[in-house]
Protein chains: 2
Amino acid sequence: MPGVPESKSPTVYDVARQAEVSIATVSRVLRRPDKVAAATRERVMAAVQQLGYVPNASARGLAGRRTGVLGLLIPGHDLPTTSDREDARSATGEVAFIDDRDGSAADPFRNRYFEQLVRGAEAAAWREGYALMVAAGRDMGREVVMHDLAGRVDGLAAVSRTVPDELLRTSIGRTPLVLVAGHSTADGDGADGGGEGADRAEGADVTDGTVDGVGPRGAIGTTADAVRVDNRGGMRALVEHVLTVKPPGPVLYLAGPPDSPDAAGRAAGFRDAIGGDGAGGDGGTGRDGTAWTELLGDFTWQGGHDAVAAHLEQDTPAAVIAANDQSALGALAALREGGVDVPGTCVVTGFDGIDESRWSTPALTTVRQPMLDLGVRAVELLLRRIADPGAPATELLLPVDVLLRHSCGPHR
Amino acid sequence: MPGVPESKSPTVYDVARQAEVSIATVSRVLRRPDKVAAATRERVMAAVQQLGYVPNASARGLAGRRTGVLGLLIPGHDLPTTSDREDARSATGEVAFIDDRDGSAADPFRNRYFEQLVRGAEAAAWREGYALMVAAGRDMGREVVMHDLAGRVDGLAAVSRTVPDELLRTSIGRTPLVLVAGHSTADGDGADGGGEGADRAEGADVTDGTVDGVGPRGAIGTTADAVRVDNRGGMRALVEHVLTVKPPGPVLYLAGPPDSPDAAGRAAGFRDAIGGDGAGGDGGTGRDGTAWTELLGDFTWQGGHDAVAAHLEQDTPAAVIAANDQSALGALAALREGGVDVPGTCVVTGFDGIDESRWSTPALTTVRQPMLDLGVRAVELLLRRIADPGAPATELLLPVDVLLRHSCGPHR
DNA sequence: GCTCTCGATGTAAGCGCATACACTCGTCGG
DNA sequence: CCGACGAGTGTATGCGCTTACATCGAGAGC
C-alpha cells in the first residue's frame, strides 16, 4: 500500500511532535486540560484530531495503576446452543423451523433479567468514568475466567453463586469484590432469618462484618460487600396491601420449599405482615383478626395447584399469597377449577415477575426484583470500595417493585 | 496493619524472586509452558499460587500490543429510569407499588433481545481467548464512549445505528469494526432490494464492497464488515411453509410501511415465495394458482386490525401473512371479531417474535431473529478481520428461526 | 534592580510484562 | 576429543503513558 500511511496507531510522541510540545504536555491536555495554557491546548487538540490519535488504554492503565474497567460476572454457560442447534443450523445456512406450540423454544434464556443488570451496571460505571467488562461464569475454566478478569479490572461485581466462594477468594486476590444477589430462582438471598427489625426494609446501609453465614455470603461473606434484594420486605409490603384490598375471609399462604432461603425470607415477610399469633406454626389469627393458613408448596405449578385444590375441599380462602409465580399460577388454575372467582371472591399474588405472570387470566399481581437498580447499586458499592479499600463490608438491601395487576382486584 | 503484607499486588519480579528464576522464565511459564523445563515450571507455579499472583492485563496489553478485549456497542440510554423512578425510589428506600394492569410497566426494555446478543458475543469471544467489553450508545458523549472504547479493544462490534456512521469512521480510526444489524424494530436491515437471487438466503459469505447504500451500511458501509439477518429469506421460507399448510383460499399479505427497509425485505420475501404474476402490484395469482392481495399496514396493532377488518367485508382469506407481530395480532383480533376461525379457516403469521406473540390466542407463528447467533457471528467476523486487516469487507446474512405455533395450524 | 513566587512546560523515571537475543551447558556426530 | 547444536534460562529493551521533579520566564514584592 504505497503512499498510504497505514502505519501503526499514532502515539503521544507523534502528537507531541506534530504540536511541537513534549509528551508530558500532550498527556496533560488529555488528563487535566486546566493545567495547560489555552493556546498550547488548542495546538495539541488539533494535532490529536489531525492524526486521529486514540490513547492506548493498556499504557494508560499500566502507568496510572488502574484500568478504568469494572467487571461483571453473570451466570451462564458455554454457548449452550451453539454446539447443537446453532452450529448445525449455521452449517446448513438454512432457516430453522422450530415447533414452539408448547412455548418452550421461545427463548433459551427465559426471564432474562440480566440485560437489566448489565445495563444498570454499565450505565453506572460509565457515569463514573469506568468501562464495563462482562463475563459469564462457565462450568469449565472458571479459574481461568476469574484469573483473567481479575487482572483486567479495578473491581468485580459477581452475581452470587456464579462461581464458588472458594474460587472467588483465591482467584480474586486483592481485587475489590461486590456480590450481587442474583435472580431469585437461581440462587438464594433474603435469608434474613435473624432478628432484624422492620427497618431492614428501608434500603439503608447495613454494616456488618459478621452476618450469620446464610445466603450468598458464605465463607467469603465477611469480607465482601453485597447487594441484595429485600424479599422479606417485599412480601411484607405486598401482604399488607393485600390485607387492605382482599374480600373478607381467611388468607392462604402458599409457601416455598423449606430449604430455600428465598422461601424463608418471603415466609418471614408474610408473618411480619399478618402479625398476631401463630408466628411459629402453620396457621393462626393475624393481628387484625384475619385467619390464615400456611400450605407447603414447592415453587412448582403443580405443587401450587394441588395444594390449593386440596385446601378448597374444606375452605374457600379470600386471598392466596404464593411464594412464587409458578405456584401462584397453579393456584389460579385450581381456583378456576373450583369455581372461585378471582379476584372477586379471592385475590391471588405471586412473586418473581416471570413473563407468564403477565399473561395469565387474570394477570397476576407479583413482585419484581429491581435488576437495573441491582446493577447500579453494585457498581456504586464497588466504586466506594475501590475508593476506600479499608472500609468495613457493606450490605445493601434493595426494595422490590410490586406489580399490581388484576389478580388482586381494584387497587387503592 | 503491622505484619500483614497488605502491600501492592505481586508482579513477575516477586514471583521470579520467590521461584529463584528470572522474570523471563516466569513469563514463559505463563505464556508458553512447553518452553520451560518441568521442574522449573512447577517451581514457578508454586510461587504463583503462594503469592496469589495475577498478571496485570495492562502491562500485558502494552507489551504484547494487543488488549485481548473486544468491544460490543449496543443501543441504550443514560439510565433512563434512574433519574426518575430509580433515584426517587431509592432515596426513600421503599417498596414501589406499580399499577401494571395494562402491562406497560412490566419491563423497561421490552423484547429485550440484547441479552442474547451479549451472551453470544461473550461466549464466542471467550472461546477465542478474548474478553468482552460492553458499552451502550448514549445520546450524550458518544464521541467519548467511542474514543474510550477504541483505545481499549482490539476490535469493535457495533449494533448498527447505535451511533452515526460518521462518528464510527472518525472515532474508531484503525480499530477493526463489525456492524451488527440490530433488533428489527429499532433499525433497518434486510433492504436486500437488489436483484440478488435466492442463494442470498443460504447464509453464505457475500463479499461486496459496493452494496447499494441502503441499510445499516451507509457511508462507512463499504469499509466495514457486517452481520445481518435475512428478513427476506425468512419471510420466503415462512410463506412457503404456510402455502403447504393453509386451507384452500386466497392469501392476504399485510405489509409494513413502505419506507421501512424491514418491510421491504419481508415484502420481497413474500413475493419470492408466492411467485407468479403481480410481482409489482398489490395482488395477483401465485405460481401455484393461489390468489393473493397485499394490504398496506403500518406495523401497528390498530393498522393490522383495521386493514383486515375492512378486507373481511368483501373476502375471507385462508391465510394472513403479516410483516410484523403487532399487525398480526391486530389481524388476529379482527378475524376473531369477524367470526373467522384461526387456524381452522384462516392461518395467521407474524414476524419478530415479540413476547406477546407467544401468549396470544392462538399463539402466533412468527419469525425470530437469531440474536445469540448474531453475537457469535459478529465476534467471529471481528476476529477474522483482526487476523487479516487487509481482507475485503464481508457481509454475513444469517438465517432466521421460524417459530411454529398454533396460529398456523397443525404442522408438517 | 534583585530575589521570590508561581504558572507553564520539559525531562526522565518507571508502570509490569513479552520477547529478541545472548549465554550456558549437556549431547551427539565425527 | 572437539565443534555443532539445541534445550533451557537470563539479560536487556521497549511497549505508550503518567507524573514527580526540574527548568524556565515573567511578574510581584522589597
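Computed from a prediction, not measured in an experiment: that's the story for all the values here. Chain naming here is simple, since letters A, B, ... match the order of the sequence lines and numbering starts at 1 in each.
- Here A:M146 contributes atom CE and A:L177 contributes atom CG; the two are 7.0 Å apart, rounded to the nearest 0.5 Å.
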Pairwise N/O distances under 3.5 Å, protein to nucleotides 24-27 of chain D:
none

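- For B:E20 and D:dT9, the CD to C1' distance is 14 Å, given to the nearest whole Å.
- In this structure, B:R32 places its CZ atom 11 Å from P of C:dA18, rounding to the nearest Å.
- Counting to the nearest Å, the C1' atom of D:dC17 and the CZ atom of B:R152 are 13 Å from each other.
- Without hydrogens or angle criteria, B:Q116 side chain to B:L372 main chain gives no donor-acceptor distance under 3.5 Å.
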Where do B:V159 and B:F114 land on the side-chain contact (heavy atoms from CB on, under 4.5 Å) test, with the steps shown first?
-> CA-CA 10 Å; B:V159 173; B:F114 289 108; 4.1 Å; yes
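- A:R228 places no side-chain N or O within donor-acceptor distance of the main-chain N or O of A:V180, the cut-off being under 3.5 Å.
- Close to C:dG10, at under 4.0 Å from its OP1 or OP2, lies a side-chain N or O of A:S22.
- Put simply, CG on B:N56 is 8 Å from C1' on C:dC15, counting in whole angstrom units.
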Check step by step if salt bridge (charged side-chain N to carboxylate O under 4.0 Å, His left out) holds for A:R384 and A:D388.
-> CA-CA 6 Å; A:R384 201 192 302 179; A:D388 179 10; over 6 Å; no
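- The base of D:dC17 is paired with the side chain of A:Y13 by a donor and an acceptor separated by under 3.5 Å.
- One atom, CG of B:L62, and another, P of C:dC15, lie 13 Å apart when rounded to the nearest Å.
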Might you list the N or O atoms of the protein lying below 3.5 Å from N or O atoms in nucleotides 21-27 of chain C, with each pair's distance?
none

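- Atom-to-atom, CZ of A:R65 to P of C:dG14 comes out at 11 Å; the value is rounded to the nearest Å.
- Pairing each heavy atom of B:P392 with each of B:D225, the nearest pair is O-OD1, 4.1 Å.
- Summary for the helix from C:dG1-D:dC30 to C:dG30-D:dC1: the axes at its two ends, each from 5 pairs, differ by 40° when rounded to the nearest 10 degrees.
- The nearest whole Å value for the distance from the CG atom in A:L30 to the P atom in C:dT9 is 15 Å.
- Considering only side-chain atoms of B:A63, the nucleotide from C:dG16, C:dT19, D:dC17 that sits closest is C:dG16.
- The two residues B:R152 and A:A131 make their nearest non-hydrogen contact at NE-CB, 3.7 Å.
- Taking A:E20 as the reference, nothing meets the side-chain hydrogen bond (donor to acceptor under 3.5 Å, both in side chains) condition, with sequence neighbours excluded.
- In this structure the side chain of A:D14 reaches within 4.5 angstrom of the side chain of A:T11, judged on heavy atoms.
- The stretch residues 33-48 of chain A has no heavy atom under 4.0 angstrom from DNA chain D at all.
- For D:dT18, one of the phosphate oxygens OP1 or OP2 lies less than 4.0 angstrom from a side-chain nitrogen or oxygen of A:S27.
- A straight line from CD1 of A:I23 to C1' of C:dG10 spans 10 Å, rounded to a whole angstrom.
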Show me the donor-acceptor pairs within less than 3.5 Å that the side chains of residues 41-48 of chain A make with the rest of the protein, sequence neighbours left out.
residue	atom	partner	partner atom	Å
A:R41	NE	A:P33	O	3.2
A:R41	NH2	A:V36	O	3.1
A:R43	NH1	A:A19	O	2.5

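- A salt bridge links B:E380 with B:R377: the closest approach of a Lys/Arg side-chain nitrogen to an acidic carboxylate oxygen falls below 4.0 angstrom.
- At the phosphate of D:dG10, OP1 or OP2 sits under 4.0 Å from a side-chain N or O atom of B:T25.
- Closest contact between the side chain of A:A24 and the listed nucleotides D:dC17, D:dT19, C:dT19 involves D:dT19.
- Side chains of A:Q18 and A:Y53 form no contact here, defined as non-hydrogen atoms less than 4.5 Å apart.
- Here the side chains of B:V69 and B:D154 are not in contact, with every heavy-atom distance at 4.5 Å or above.
- Applying side chain to side chain contact (heavy atoms under 4.5 Å, CB included) to B:Y130 and the options B:T67, B:L383, B:V153, B:L382 leaves one that passes, B:L383.
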